[in-house]
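In what follows, a structure is listed as structure tokens, so that the remarks can point back to it.
None of the values given here were measured: they were computed from a predicted structure.
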Amino acid sequence: MKLNERSLAFYATCDSPADNAGFLYKRGERHTAYHRRWFVLKGNMLFYFEERESREPVGVIVLEGCTVELCDSAEEFTFAIRFGGTKSRTYVLAAESQAAMESWVKSLSRASFNYMRLVVRELEKQLEEMRWGPAGGCGGCQGSPSSWKPKPSGLEQSPERLPALPAVVPKENGCAVWNNVPGADRPPNASGCGGHDREGNPRPPPPPPRRQASNSEAGSTGAAVAESPSTFCQLHERYGQEVARLRQDWLERRRSPWP
Amino acid sequence: AVLKKRLVKLVVNFLFYFRTDEAEPIGALLLEHCRITKEEENVFSISFIEEPERKYCFECDSEEQCQEWIEALKRASYEFMRRSLIFYRNEIQKMTGKDPLEQYGISEEARFQLGTHKQ
């Protein structure tokens, strides 16, 4: 299967943060000797290099759907990365100390994309509950009007309190170039994409759109990823229109008092 | 350049592509440090930071489908998620004074720190 290997190698060696790095012994495929390799864990991928200074990895293990377990082996400090499926290989690795082994097992078990996504969704939910209130709010993106209290003074405030919205500014995946939204705070010293950050001033990304729980992976014949239809932009639009309408009503009632 | 019909599947941060009648993918693109660009009608392209002139072009059946793919692909990278997480963490911490990652026991992990550093 073809892969964009240059991009993989770039990702492995660029200065975006590695989640773990160090020497490990890797058992050969035919249960032969162990080879000492330099391992780098980035995101959901475990790269390994012949030497620490090597410019390109010699291999990569994609850590989706795997289990990480300790090994009952003659060798000390061994653990295995195991995949389901009959054709899948089990990778047996050995660390150089108990502490190193524990550190690797811990970081590898949490390396999957899905794990990260779960945590992100959870935090996103917490943040929305704080902003919109626990009842209704953005839950399911239906936005029951009863949970939202119209207040004229709130009109000016609410658009500002939303996080930076996805604008039409072209965005670079993994190296975000965002609009400077007034009131949106920037994390201090947030690193951008390391060497290739074009901005000088990295800014927080907009929150990802809500995804339906059943669509943890995408894919269907030729169709796009089935994401939740409401992005923050659309939500903002919808609430904004409702707000404008209510404000209009309120103004009219003020002008013509009840008989 | 010739357009070939492919089944395209976005799974985590990989874009797999298949011949329409085959079960195994021909190839995959890792979607980290890439740029998704709208080209002409119904068309978007993916290019990578280390080779920006080389574009992988995809023609969709409709403009709507094209926009859906663009939005999905822009959010597909692990790095994007990491940055979202750091942003949310920071916002929640500002609002509550508490670190929301503590409950998961992952607040010390290097990848979630604001001032990320090389190892």
Side-chain angles (χ1 to χ4, degrees), chain A residues 1-4 6-8 10-11 14-21 42-44 62 64 107 110 112-114 116-117 119-120 122-124 126-127 130 163 166 170-176 185 187-191 193-194 196 204-205 207-209 217-219 221-225 227 231, chain B residues 7-14 16 24-37 48-51 60-61 65 68-69 71-92 94-96 100-101 104 106 109-111 114-119:
Chain A
M1 191 188 76
K2 264 197 293 193
L3 273 179
N4 52 333
R6 266 182 78 167
S7 307
L8 266 159
F10 177 82
Y11 183 53
C14 81
D15 45 10
S16 68
D19 301 318
N20 208 337
K42 270 198 184 181
N44 57 346
V62 180
E64 291 298 327
S107 42
R110 292 184 178 141
S112 77
F113 193 93
N114 283 315
M116 178 71 115
R117 186 153 57 189
V119 180
V120 172
E122 182 52 41
L123 293 192
E124 190 188 8
Q126 282 184 27
L127 198 57
M130 279 184 231
K171 290 180 267 265
E172 198 174 338
N173 200 8
C175 188
D185 278 29
N189 298 323
S191 71
C193 282
H196 52 272
E217 357 175 70
T221 322
V225 173
E227 291 213 337
T231 61
Chain B
L7 172 62
V8 177
K9 193 165 170 172
L10 175 61
V11 181
V12 297
N13 49 349
F14 282 91
F16 290 94
E24 290 293 314
I26 319 168
L29 295 175
L30 169 67
L31 299 167
E32 299 289 339
H33 301 303
C34 62
R35 169 175 239 138
I36 316 292
T37 315
F48 294 90
I49 213 149
E50 75 284 354
E51 212 181 357
C60 307
D61 285 336
Q65 192 190 43
E68 280 180 32
W69 274 104
E71 289 308 304
L73 292 167
K74 279 178 173 167
R75 290 163 169 78
S77 72
Y78 194 98
E79 292 299 308
F80 181 93
M81 276 209 303
R82 184 209 304 272
R83 293 150 82 83
S84 301
L85 190 150
I86 289 172
F87 175 67
Y88 291 145
R89 178 193 191 185
N90 194 46
E91 289 294 296
I92 292 172
K94 278 193 308 198
M95 287 172 83
T96 65
L101 294 188
Y104 305 113
I106 54 178
E109 290 188 14
R111 58 182 166 154
L114 280 181
T116 44
H117 49 273
K118 287 191 276 187
Q119 283 199 314

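In this structure, CG in B:N13 is found 7.0 Å from CD in A:E64, a value given to the nearest 0.5 Å. Remark: A:Y11 OH to B:E79 CD distance equals 4.5 Å, nearest 0.5 Å. Note that CZ of B:F16 and CE of A:M1 are 5.0 Å apart. Values are rounded to the nearest 0.5 Å. For the atom pair CE (A:M116) and CG (B:L85), the distance works out to 5.5 Å, reported to the nearest 0.5 Å. In this structure, CD on B:E50 lies 6.0 Å from CZ on A:R6, to the nearest 0.5 angstrom. Taking CE of B:M81 as the reference point, atom CZ of A:F113 lies at 3.5 Å (rounded to 0.5 Å).
For B:Y104, the parts lying near chain A are the backbone and the side chain together; criterion is any non-hydrogen pair under 4.5 Å. Residue contact with chain B, scored on non-hydrogen atoms closer than 4.5 Å, involves the backbone of A:S112 exclusively. With a 4.5 angstrom heavy-atom cutoff, B:T96 touches chain A only via side-chain atoms.
Chosen from B:T37, B:L29, B:L101, the residue pairing most often with chain A at heavy-atom distances under 4.5 Å is B:L29. Most heavy-atom pairs under 4.5 Å with chain B: of the set A:L8, A:L123, A:V62, A:N4, this distinction falls to A:N4.
Looking only at side-chain heavy atoms (C-beta outward), A:D19 and B:R82 come within less than 4.5 Å of each other.
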Query - side-chain contact (heavy atoms from CB on, under 4.5 Å) assessment of B:H33 paired with A:S16 - result: CA-CA 10 Å; B:H33 301 303; A:S16 68; 3.9 Å; yes

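Partners of B:Y78 by ring pair (Phe, Tyr, Trp, His ring centres under 6.0 Å), not counting sequence neighbours: none found. For B:E109, the salt bridge (charged side-chain N to carboxylate O under 4.0 Å, His left out) criterion is met by A:R110, B:R111, not counting sequence neighbours.
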